[in-house]
Amino acid sequence: MRSLQEHSFVSIGHKGQLGNVMLSPAVVEVIASIAASEVKGVSSMRGGFATGVAEKLGRKTHGKGIKVELTEQGVLIDVYVAVSAASKMPEVAKKIQQHIRQALETMTSLATKEINVHIVGIQLEQKADTVE
């Protein structure tokens, strides 16, 4: 099976007289990251070591916590998140999958084959200081 990742871009839509519309995997990462971070219960997106170093240097990484693989059968997405301790993790994971699938279909018409959610951290609730 040949991976479309080798080409770095995936075609969306049909080739017209004016040419192709090509989509970078980085665009899919940004869309998926934004969609996942909007889900209630997600406290943060988790990136790797390189993402952490880039952020320390002041570089904003919009696709943080997302790994995308473009195949001929569809898009494979791995999502790495930390969730709130008060949330129900299976429900949050399901909502993440639904939000990402809907955002990608709406914005790009790309079919998603798999959206794997990896919960890699828990954010404990911080009690607010009360003033008497």
Side-chain angles (χ1 to χ4, degrees):
M1 173 173 39
R2 189 183 78 179
S3 171
L4 295 177
Q5 189 78 31
E6 297 169 1
H7 300 288
S8 299
F9 290 90
V10 63
S11 176
I12 56 173
H14 300 288
K15 183 176 182 177
Q17 290 181 338
L18 299 176
N20 280 335
V21 177
M22 306 299 286
L23 188 67
S24 166
V27 173
V28 176
E29 289 176 359
V30 171
I31 292 169
S33 181
I34 291 170
S37 63
E38 290 176 347
V39 173
K40 184 178 180 183
V42 173
S43 62
S44 64
M45 302 298 292
R46 292 293 175 99
F49 176 75
T51 303
V53 171
E55 287 184 344
K56 294 269 186 211
L57 297 172
R59 182 172 177 216
K60 181 78 174 165
T61 53
H62 298 288
K64 182 177 178 182
I66 304 291
K67 180 182 172 193
V68 172
E69 183 178 346
L70 303 174
T71 68
E72 292 176 352
Q73 288 77 36
V75 181
L76 304 174
I77 300 173
D78 288 299
V79 183
Y80 300 89
V81 296
V83 298
S84 167
S87 64
K88 294 180 180 177
M89 293 181 202
E91 290 179 15
V92 172
K94 186 173 183 176
K95 288 180 182 175
I96 290 169
Q97 292 170 321
Q98 291 170 340
H99 265 68
I100 290 173
R101 175 167 285 142
Q102 182 178 9
L104 283 175
E105 287 178 1
T106 301
M107 297 176 74
T108 67
S109 299
L110 282 177
T112 52
K113 182 178 179 191
E114 289 181 13
I115 301 172
N116 302 310
V117 178
H118 306 269
I119 298 172
V120 295
I122 297 174
Q123 177 69 41
L124 300 176
E125 299 296 324
Q126 295 179 355
K127 293 185 178 183
D129 293 335
T130 57
V131 178
E132 295 181 18

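Just so it is clear, the structure is predicted and the values come from calculations on it, not from any experiment. Side-chain atoms are counted along with the backbone in the values below, which use heavy atoms only and exclude waters and symmetry mates.
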For this session: Would you please name every residue forming a side chain to side chain donor-acceptor pair (under 3.5 Å) with S37, sequence neighbours left out?
Result: none

For this session: Kindly state each residue pair satisfying side chain to side chain donor-acceptor pair (under 3.5 Å) with at least one member in residues 79-92, sequence neighbours excluded.
Result: S84-E125

Exercise. Shared ILVMFWY cluster between I66 and M107, side chains joined below 4.5 angstrom?
Worked result: yes

Exercise. To the nearest 0.5 Å, what is the distance between CG (L23) and CG (L104)?
Worked result: 8.5 Å

Exercise. Got a sec, which pairs hit ring pair (Phe, Tyr, Trp, His ring centres under 6.0 Å) with one end in residues 17-47, sequence neighbours left out?
Worked result: none

Exercise. Taking C-beta and beyond as the side chain, do Q97 and V79 meet within less than 4.5 Å on heavy atoms?
Worked result: no

For this session: Tell me, please, which residues at least two apart from V39 pass side chain to side chain contact (heavy atoms under 4.5 Å, CB included).
Result: V42, V92, K95, I96, H99

Which atom pairs, one a donor and one an acceptor, fall under 3.5 Å between side chains of residues 111-122 and the rest of the protein, sequence neighbours left out?
| from | atom 1 | to | atom 2 | distance (Å) |
| --- | --- | --- | --- | --- |
| T112 | OG1 | R101 | NE | 2.8 |
| T112 | OG1 | R101 | NH2 | 3.2 |
| E114 | OE1 | N116 | ND2 | 3.3 |
| N116 | ND2 | D78 | OD1 | 3.2 |
| H118 | NE2 | D78 | OD1 | 3.0 |

Seminar exercise, completed: Apart from I34 itself, members of its ILVMFWY cluster (side-chain separation under 4.5 Å) are V30

Exercise. Nearest 0.5 Å, what's the CD-NZ distance between E29 and K64?
Worked result: 13.5 Å

Exercise. Got a sec: does the CD of Q98 have more than 12 other heavy atoms crowding it under 6.0 Å?
Worked result: yes

Problem set entry | Residue pairs involving residues 26-47 (criterion ring pair (Phe, Tyr, Trp, His ring centres under 6.0 Å); sequence neighbours excluded) | none

For this session: To the nearest 0.5 angstrom, please state how far the CG atom of L110 sits from the CD atom of E105.
Result: 9.5 Å

Problem set entry | Min side-chain heavy-atom separation V28-T108 under 4.5 Å | no

